[in-house]
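Each chain gets a letter, A, B and so on, in the order its sequence line appears, and its residues count up from 1. What you see below is based on every heavy atom in this structure, not just the backbone, and it leaves out hydrogens, waters and symmetry mates. For clarity, every value in this text was computed on a predicted model and none was experimentally measured.
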2 protein chains.
Amino acid sequence: MAAVNAKSNGTPRSMPKQARRKQLIQATIKCIAKNGLSSTTMADVTQQAGLSIGIVNLHFQSKEKLLIETLRYISDEYTEGLNKIYNDKSLNTEKKILAHINFDFSRAIIDRNKLAVWFAFWGETKSRPTYLSICASYVSEIANNLTRLFVLLKQQGDYSDVNPDLVCTCYTALSDGLWLDLLITPKGMKPAQAQAVAMHYLATQFPEHFKNKTEH
Amino acid sequence: MAAVNAKSNGTPRSMPKQARRKQLIQATIKCIAKNGLSSTTMADVTQQAGLSIGIVNLHFQSKEKLLIETLRYISDEYTEGLNKIYNDKSLNTEKKILAHINFDFSRAIIDRNKLAVWFAFWGETKSRPTYLSICASYVSEIANNLTRLFVLLKQQGDYSDVNPDLVCTCYTALSDGLWLDLLITPKGMKPAQAQAVAMHYLATQFPEHFKNKTEH
DNA sequence: CAACCGAATGAATGGTTATTCATTTTTATG
DNA sequence: CATAAAAATGAATAACCATTCATTCGGTTG
């Protein structure tokens, strides 16, 4: 009877430690989306993963550390995806910005399970310095990179009035707000539509580059 | 010894029921901001209010109902504030929009305690239909009113390219995203700055009305 | 195949928390 | 002032939950 779970799960004991951690983190994301952060229990998470109750402490020492790693997981996924774009030498500035927007509204990112996780953690940043510092660090990293792209694009057109810092702040806030729409009005706001709204804003700043390019 | 709290609190027993409920809701907001939704307990809330543990069930029947009323409280405060502006006959369309933006970034609204509450509940909407329906209803009410204002403003200038629905969606998302900045980067983003970013967007759509009006 | 060791299990534990309700305190009434 | 009604209290309860760790399991090695 005992210990049949991991096997029936297609996840043998010999799998690398990292893979089991990932499995638990993904179960945590599902549970937070399904039950809310405030009623996500260890029993929920381990059952969702098809594993036993003691497994979390084996791999994460405590529930709190599992939650922190979960935030870090979605935060890393996001920053790493964007960094790949920033470092892609086959893309020019305009293409990088377009790729950035595409990424912001891509399947993997605007998955409602993950959006629920983002908002749940944001709601707790005020009381958990660790959450806040994870958020603060990805925010500033992305802002630096994105601002740089806007600086470059500014040089490539008649954009003397454009303020790259302002555009970065505005685009980022807009994108976060559209995530909220995707989370709480799933019937009213489709991903493509959200992306079009973001493009609409960029077109106001860089019309020579982004006007009539809402399709992609 | 017993029952000295309410008195020492300056809140006599004879106060209207509604006032005690409000006191408890405000204590709940403080606790959610201080400890996070997931570790806000009845003991925390009642202690914060200077009352006894049994008081919540007397006035709200359960913790869950207290939380729902807390969401309704901040949601009502927001919609009622905006409705006052919409119904103010002394304001023309332009002034109403300006008043709307001022309100969105006013002290009472961008209080970080309340912002933490908004995000905490947003993070739980996927799992709690009641939260979702409260959010959905205020969102659509405000969108209707704000879109109407943009329609009117469009008629007052050379704005044939402006899409009022799109502008409403974009402004609303932007405003929500700026709230996030105010919550998680309190050192980096000041209220006046957030408001300036919002004005910057509106100026792109209605330059005749909102250019160089970032001060107020 | 036997012996070993890391991985996983899950019953047991102890601490926490929402809820209840008999009792006490305060206010209103005649 | 006496009495009743309403409001508030907080000790007690029962349910829940994170964590522990002795035990079991499965893969590996010689």
Return a table of donor-acceptor pairs under 3.5 angstrom between the side chains of residues 126-135 of chain A and protein atoms on other chains or two or more places apart.
| residue | atom | partner | partner atom | Å |
| --- | --- | --- | --- | --- |
| Lys126(A) | NZ | Asn113(B) | OD1 | 3.3 |
| Ser127(A) | OG | Glu124(A) | O | 3.1 |
| Ser127(A) | OG | Gly36(B) | N | 3.3 |
| Arg128(A) | NH1 | Glu64(A) | OE1 | 3.2 |
| Arg128(A) | NH2 | Ser39(B) | OG | 2.9 |
| Tyr131(A) | OH | Glu64(A) | OE2 | 3.2 |
| Ser133(A) | OG | Thr130(A) | O | 3.3 |

Can you give each donor-acceptor pair under 3.5 Å made by side-chain atoms of residues 164-172 of chain A, sequence neighbours left out, with the distance rounded to 0.1 Å?
| residue | atom | partner | partner atom | Å |
| --- | --- | --- | --- | --- |
| Thr169(A) | OG1 | Asp165(A) | O | 3.0 |
| Tyr171(A) | OH | Asp104(A) | OD2 | 2.7 |
| Thr172(A) | OG1 | Cys168(A) | O | 2.7 |

Value in whole Å for how far the [atom2] atom of [N] lies from [atom1] of [X]:
X: Ile55(B); N: dT9(D); atom1: CD1; atom2: P; value: 5 Å
X: Gln18(A); N: dA7(C); atom1: CD; atom2: P; value: 13 Å
X: Leu24(B); N: dA8(D); atom1: CG; atom2: P; value: 9 Å

Please identify each residue that fulfils side-chain contact (heavy atoms from CB on, under 4.5 Å) with [X], with sequence neighbours left out.
X: Ser140(B); answer: none
X: Ala136(A); answer: none
X: Lys95(B); answer: Leu91(B), Asn92(B)

Q.
Looking at Arg20(A), I'd like to know whether one of its side-chain N or O atoms comes within less than 4.0 Å of OP1 or OP2 on dA7(C).
A. no
Q) Using a cut-off of less than 4.0 Å, is there contact between a side-chain N or O of His59(A) and OP1 or OP2 of dA8(C)? A) yes
Detail all sub-3.5 Å separations between protein N/O atoms and N/O atoms belonging to nucleotides 17-20 of chain C.
| residue | atom | partner | partner atom | Å |
| --- | --- | --- | --- | --- |
| dA18(C) | OP1 | Lys63(B) | NZ | 2.8 |
| dA18(C) | OP2 | Met42(B) | N | 2.8 |
| dT19(C) | OP2 | Lys63(B) | N | 2.8 |
| dT20(C) | OP2 | Asn57(B) | ND2 | 3.2 |

(Q) Quick check for you: among dA7(D), dA8(D), dT9(C), whose closest atom lies nearest to any side-chain atom of Ser52(B)? (A) dA8(D)
Q: Tell me, yes or no, whether the heavy-atom count around Gln47(A) atom CD, taken from other residues, nucleotides or ligands under 6.0 Å, exceeds 12.
A: no
